[in-house]
Amino acid sequence: CRLIQSKYKMLLSGTPLENSVRDLWSLFDFLLPGLLGREKDFLNTYNAEQANFASLVARIKPFILRRGKSSVDAQLPDKQEQIIYFNLNEEQKALYAAILDNARQVNASTGNKIKILAAITRLRQVCCFPQLLPNLESGQENTPSAKMDLLKEVILEAIGSGRRILLFSQFTKALKLIRQWLEEENIDFQYLDGQTKKRQDKVDQFNEGEMPIFLISLKAGGTGLNLTGADTVIHFDLWWNPMIEDQATDRAHRI
């Protein structure tokens, strides 16, 4: 793209930047080469934990025209967000403590970042469903989930109030466990993950129908779908990048 010769250059993005400041540097290296300096220097400056991002915003702001949803449709209601807390049950606490203790020992002995990230993922899995963990010991596959108990209450209350729900999770196995409960309760639903064929048919059936809940893999359905038939979004587990969650929520909160 940088080889293109033209009198004017423009970039159009339909979504916020998702990944890192490296994306921003790459875009501006095409648009206005040199504005953000050399890539190595730029990343050293703005990847630090205490980086002065206000100075970066001030530098690029004159070159950005941004139109938010509120300027297009004043009738779109604001998002109302709520974080719901819960306590792990005793079995989950024991598993969590064991994984955490092992992770601390690994960190102390090797400092291996990959192993630390893997341990954090396992801790997240324990909080969702212990059944998501690999290599469970005998009997642990039946460990109950306090988060699932709370989710059942939230879903039933929302359906009872006439709400229609998008439920996202990064773990497809978690979605399948939730799906199993919905089937047991005879609650109608749609389901979409990376293996789903004819995605648009699923979307149309949900938007045009009356089924109260749509289970969606965050990676497979977090972008590119219009699901305005829903008025409630549940993130069963938090993703590493809040922007990804916002994009998923905006499958419903859109014009």
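Note: hydrogens, waters and symmetry copies are ignored here, and every other heavy atom, side chains too, is used. Nothing here was measured: the structure is a model prediction, and the numbers come from that model.
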Salt bridge (charged side-chain N to carboxylate O under 4.0 Å, His left out) pairs, two or more places apart, involving residues 77-100
Lys79-Asp250, Glu90-Lys93
Side chains of Asp237 and Ser169: is there a donor and an acceptor less than 3.5 Å apart?
yes
When clusters are formed from ILVMFWY side-chain contacts under 4.5 Å, directly or step by step, what else is grouped with Ile114?
none
Examine the side chains of His253 and Thr228 and answer whether a donor and an acceptor come within less than 3.5 Å of each other.
no
Name all residues meeting the side chain to side chain donor-acceptor pair (under 3.5 Å) criterion together with Asn207; count only those two or more places apart in sequence or in a different chain, and write none if there are none.
none
For Gln190, give me all partners under side chain to side chain donor-acceptor pair (under 3.5 Å), at least two apart in sequence or on another chain.
Gln205
Pair Arg104-Asp101, salt bridge (Lys or Arg N to Asp or Glu O under 4.0 Å): steps then yes or no
CA-CA 5 Å; Arg104 284 173 172 160; Asp101 183 61; 5.9 Å; no
Applied to residues 150-169, the salt bridge (charged side-chain N to carboxylate O under 4.0 Å, His left out) test, sequence neighbours excluded, yields Arg163-Asp231
Result for side-chain contact (heavy atoms from CB on, under 4.5 Å) between Pro212 and one of Ile187, Leu182, Ile165 points to Ile187
Any residue meeting salt bridge (Lys or Arg N to Asp or Glu O under 4.0 Å) with Arg22, in chain and number order, not counting sequence neighbours:
Glu39
For Phe28, ring-ring contact (aromatic ring centres under 6.0 Å, His included) partners two or more places apart
none
Residues 54-62 side chain polar contacts: donor-acceptor under 3.5 Å, at least two apart:
residue: Ser55; atom: OG; partner: Tyr46; partner atom: OH; Å: 3.1
residue: Ser55; atom: OG; partner: Asn52; partner atom: O; Å: 2.7
residue: Arg59; atom: NH1; partner: Leu35; partner atom: O; Å: 3.4

Set of residues satisfying side chain to side chain donor-acceptor pair (under 3.5 Å) with respect to Arg124, sequence neighbours excluded:
none
Heavy-atom neighbours of Gln200 CD exceed 12 at 6.0 Å
yes
Side chain to side chain donor-acceptor pair (under 3.5 Å) involving Asp246 - partner list, sequence neighbours excluded
none
Salt bridge (charged side-chain N to carboxylate O under 4.0 Å, His left out) partners of residues 169-192, not counting sequence neighbours, each pair once:
Arg179-Glu183
Among Val203, Leu227, Thr196, Leu175, find the residue that satisfies the side-chain contact (heavy atoms from CB on, under 4.5 Å) test when tested with Ile216.
Leu227
Residues in salt bridge (Lys or Arg N to Asp or Glu O under 4.0 Å) with Arg254, at least two apart?
none
So which atom in Ala174 and which in Leu132 form the shortest heavy-atom distance, rounded to 0.1 Å?
N-CD2, 3.6 Å
